[in-house]
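For reference, the structure is listed below as structure tokens.
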Amino acid sequence: MSDSDTPKFDVKAFANTLVADIESNRIRLPTLPAISLEALLVVNDAASSMADVARIISKDTSMAARLVRYANSPLYRGVSTVTSVKMAITRIGFDAVKNAILSLAMRDVFTTAFRPLQSRMEALWKHSVDVATKATLLASHFSHLNKDEAMLAGLIHDVGVIPVLIKATEYPFLLESEENLDKVVDKLHMPIGKFMLSRWNFDPALVDVAASHDKLDRVPKGDKVDYVDIIQVANILSHQGTEQRWAGLDISSNLACIRVGLDLIANLDKSVQVEEDESELSDMLN
Ligand SMILES: [Fe+2]
Ligand SMILES: [Fe+2]
């Protein structure tokens with residue numbers, strides 16, 4: 001079909017309606033689980049102690065078990081095994097525990113009750129976990145980057161796709177053709193992701209990731225590798241071997257890959273330890 005045969009679809013009008021829907025809460029976006037929101041409120045309150053956070057998290061046995069697992073994961077592997085929520089928070093540290101809570105809550109955000117979207121949402125979650133684990137491993141090579149933040153960055157980089165998919169259910173033109181939907185998702189998921197994460201008060205570094213991860217020609221703000229670089233590289237690696245875009249991209253000419261280091265990238269998947277770590281992290285997030 002040539003372009004002239006394609007029915008006109010106004011992406012800009014679609015984007016404007018979507019933003020207005022989000023602003024006025026007219027669109028039902030997935031939310032974080034109540035226990036995570038409660039825990040985040042406590043973490044963000046300067047008057048709270050580790051014991052306060054531990055008390056909230058312990059109310060939910062599944063969340064408690066997952067946080068303990070997080071503290072024993074390759075992110076924090078220590079000499080001794082952590083066995084309680086309190087020990088887990090101590091090991092993770094009060095500052096990073098916020099990222100841990102958000103990462104462990106993300107699974108619920110990538111779900112939908114709308115059947116026609118389920119397989120797409122499932123695939124998006126799988127991709128996000130893949131990018132998150134790769135980003136964590138890459139970030140571990142840079143002392144100025146934080147592994148928890150890199151993991152969360154991977155999980156949220158494509159979060160802007162979700163509202164686009166939900167809104168698309170009102171447009172048969174988009175639901176009928178994967179190709180049409182892909183085009184709209186590609187165009188809008190970064191600005192929408194940026195908009196969502198700013199509203200949710202995420203760290204500016206993470207908002208940047210949502211806003212710019214697919215811009216291969218972006219101009220970095222500083223000399224040091226940042227989270228956008230890490231996610232761009234993890235994203236490119238995640239698409240390798242698939243038929244999706246960038247599958248055949250020449251890594252050696254991509255600026256983010258050069259900044260992160262071509263040798264590091266080439267050797268990333270080579271060790272057994274890395275493979276084990278990757279699958280352990282991905283199990284933990286699911
Ligand atoms: Fe993306
Ligand atoms: Fe992606």
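Hydrogens, waters and symmetry mates are skipped; everything else that's a heavy atom, side chains included, is used. Ligands are counted one by one from 1 in listed order, and the atoms in each one are counted from 1 as well.
A salt bridge between Arg259 and Asp223 is absent, with no side-chain N of the basic residue lying under 4.0 Å from a carboxylate O of the acidic one. A salt bridge links Asp182 with Arg120: the closest approach of a Lys/Arg side-chain nitrogen to an acidic carboxylate oxygen falls below 4.0 angstrom.
Vertex the Fe ion (ligand 1), arms ending at NE2 of His189 and NE2 of His213: the angle is 90° after rounding to 10 degrees. The OD1 atom of Asn235, the Fe ion (ligand 2) and the NE2 atom of His157 define an angle of 90° (nearest 10 degrees).
The N, O or S atom of Asp214 lying closest to the Fe ion (ligand 1) is OD2. Counting just the N/O/S atoms of Asp158, the one with the shortest distance to the Fe ion (ligand 2) is named OD2.
A distance-only check finds a donor-acceptor pair linking the side chain of Arg66 to the backbone of Leu104 [under 3.5 Å].
With no hydrogens or angles considered, no side-chain donor-acceptor pair links Asp158 and Ser128 at under 3.5 Å.
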